[in-house]
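This report refers to the structure that appears directly beneath it.
What you see is a predicted model, and the numbers here were worked out from it, not measured in a lab. Nothing fancy with the numbering, it's 1 onward along the sequence.
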Amino acid sequence: MSARCRYPRCRRHVEALGDHGWYDKRFMYEESLRMPFLIRYPAEIPAGTTCDALAMNVDFAQTFLDYAGVPADGRMQGCSLRPLLRGEDVSDWRESVYYRYWEHDDSEHHVWAHYGVRTRDHKLVYYYSDGLGIPGTSDNRYEPEWELFDLRTDPWELHSVYEDPAYAGVRAELTTELARVQAECGDTPWTPSTRMAGVPR
């Protein structure tokens with residue numbers, strides 16, 4: 001871990017090193033999801049500046065195209081980080097990020113397929129646990145499960161509060177936000193009918 005890293009849970013190339021009993025990445029836990037993003041462009045970005053805006057990987061291509069002066073294809077998702085990196089206040093910037101892991105229960109990693117949404121304070125994860133017939137995934141299916149974490153009181157994500165009545169409002173808000181950001185990324189929610197034709201249920 002770099003001594004300069006502001007986020008001690010971001011270990012180099014985003015790795016879980018025994019956290020949650022796992023090694024490697026793929027889960028939506030912070031050890032895998034959160035990572036430092038460093039960029040150097042003296043012509044426009046003052047040295048030593050920082051930005052704490054939420055970003056997704058779909059924003060990277062938009063950012064690179066923006067700097068290169070190349071128009072983005074209309075089918076692309078994401079937004080350019082360029083104004084944020086210039087220090088501008090972007091009032092309508094995203095307040096949540098979406099993540100999905102497809103490679104369900106493969107022979108090497110055994111991580112269940114899941115997707116979820118993270119805001120600054122909370123994280124909602126849905127383990128739909130179905131390979132959907134995608135090559136390389138397992139045919140094993142498991143009962144879907146939800147996790148909800150309060151990142152303010154439980155930054156290490158050790159106690160899911162999904163079933164806690166005190167979080168009913170947060171759960172409802174995040175469920176709505178999950179659907180919104182999933183659609184924004186061009187993805188669709190899991191249902192049993194989304195499995196590929198000819199794959200045993």
Side-chain angles (χ1 to χ4, degrees), residues 6-10 14 16 19-20 25-39 50-66 72 74-103 111-129 144-191 194:
R6 294 176 57 202
Y7 307 107
R9 296 182 68 191
C10 303
V14 192
D19 306 276
H20 300 278
K25 44 191 130 182
R26 293 169 180 80
F27 274 111
M28 200 180 165
Y29 295 122
E30 289 294 276
E31 289 82 4
S32 298
L33 185 68
R34 189 172 187 168
M35 61 183 291
F37 177 49
L38 308 178
I39 184 167
T50 60
C51 175
D52 65 355
L54 296 173
M56 294 190 289
N57 57 2
V58 293
D59 298 324
F60 296 168
Q62 295 278 13
T63 303
F64 302 149
L65 289 173
D66 191 359
R75 297 171 297 174
M76 293 175 64
Q77 296 106 26
C79 301
S80 173
L81 295 161
R82 189 175 187 179
L84 293 170
L85 297 174
R86 282 196 297 247
E88 298 176 16
D89 180 20
V90 182
S91 60
D92 61 347
W93 189 255
R94 69 176 78 258
E95 292 297 323
S96 67
V97 295
Y98 177 68
Y99 174 82
R100 185 162 191 169
Y101 179 75
W102 294 88
E103 200 174 13
V111 174
W112 293 1
H114 61 285
Y115 54 70
V117 62
R118 183 201 193 279
T119 65
R120 292 188 180 277
D121 297 326
H122 299 94
K123 182 184 296 181
L124 179 69
V125 186
Y126 183 50
Y127 294 90
Y128 60 93
S129 307
E145 296 180 24
W146 288 92
E147 286 184 323
L148 172 62
F149 296 105
D150 187 333
L151 301 176
R152 300 165 302 180
T153 61
D154 181 25
W156 297 99
E157 300 165 290
L158 299 177
H159 306 285
S160 174
V161 293
Y162 186 79
E163 301 292 344
D164 188 335
Y167 285 86
V170 172
R171 186 172 64 235
E173 290 176 11
L174 286 184
T175 301
T176 299
E177 179 61 10
L178 173 58
R180 188 199 68 77
V181 73
Q182 188 174 55
E184 177 188 314
C185 291
D187 200 3
T188 55
W190 174 88
T191 65
T194 58

Exercise. Could you tell me if the ring centre of Tyr115 sits under 6.0 Å from that of Tyr128?
Key: yes

Exercise. Give a yes or no on whether the backbone of Gln182 and the side-chain of Asp187 come within a donor-acceptor separation of less than 3.5 Å.
Key: no

Quiz prompt | Spacing of OG1 belonging to Thr63 relative to CG belonging to Leu85, to within rounding of 0.5 Å | solution = 6.5 Å

Quiz item: Roughly how far, to the nearest 0.5 Å, is CZ of Arg180 from SG of Cys185?
Solution: 9.0 Å

Self-check item: Asp164 versus Arg171, closest heavy-atom pair with distance
Solution: O-NH1, 3.9 Å

Quiz item: Just checking, is any N or O donor in the side chain of Tyr127 or Glu147 under 3.5 Å from an acceptor N or O on the other one?
Solution: yes

Practice problem: For Tyr167, check ring-ring contact (aromatic ring centres under 6.0 Å, His included) against everything at least two apart and list the hits. | Solution: none

Exercise. Report yes or no: do Tyr29 and Glu157 form a side-chain donor-acceptor pair below 3.5 Å?
Key: no

Self-check item: Note, Leu81 side chain near Trp93 side chain (heavy atom, < 4.5 Å)
Solution: yes

Quiz item: So do Met76 and Val58 actually touch side chain to side chain, heavy atoms under 4.5 Å?
Solution: no

Quiz prompt | Which atom of Glu177 lies closest to which atom of Val117, heavy atoms considered | solution = CG-CG2, 4.0 Å

Self-check item: Nearest-0.5 Å distance, CD of residue Glu173 to OG of residue Ser96
Solution: 12.0 Å

Quiz item: Taking side chain as C-beta onward, heavy atoms only, is Val181 less than 4.5 Å from Val97?
Solution: no

Practice problem: Evaluate the side-chain proximity of Val111 to Tyr101: yes if any heavy-atom separation is below 4.5 Å, no if none is. | Solution: yes

Quiz item: Of the non-hydrogen atoms in Val90 and Pro83, which two are nearest, and what is the gap between them?
Solution: CG2-CB, 3.9 Å

Quiz item: Should the pair Arg118 and Tyr99 be classed as cation-pi, given the thresholds of under 6.0 Å to the six-membered ring centre and 45° from the axis?
Solution: no

Quiz prompt | Pro144 side chain reached by Trp190 side chain, heavy atoms, under 4.5 Å | solution = yes

Practice problem: Give the minimum heavy-atom separation between Phe149 and Ser160, together with the two atoms involved. | Solution: CE2-N, 3.7 Å

Quiz item: Ignoring hydrogens and geometry, is there a side-chain-to-backbone donor-acceptor pair from His114 to Met28 under 3.5 Å?
Solution: yes

Quiz prompt | Asp150/Lys123 salt bridge by N-O under 4.0 Å criterion | solution = no

Quiz item: Can you tell me how far NE2 of His159 sits from OG1 of Thr153, rounded to the nearest 0.5 angstrom?
Solution: 9.0 Å

Quiz item: When rounded to the nearest 0.5 angstrom, what distance separates CG in Leu54 from CZ in Arg94?
Solution: 8.5 Å

Exercise. Locate the shortest heavy-atom distance separating Tyr98 from Arg100; write the atom from each residue and the value.
Key: OH-CD, 3.6 Å

Quiz item: Between Asp59 (side chain) and Gly78 (backbone), is there a donor-acceptor pair under 3.5 Å?
Solution: no

Quiz prompt | Least distance between heavy atoms, Cys51 atom then Leu84 atom | solution = SG-CB, 4.1 Å

Quiz item: Less than 4.5 Å apart, any side-chain heavy atom of Leu124 and any of Leu148?
Solution: yes

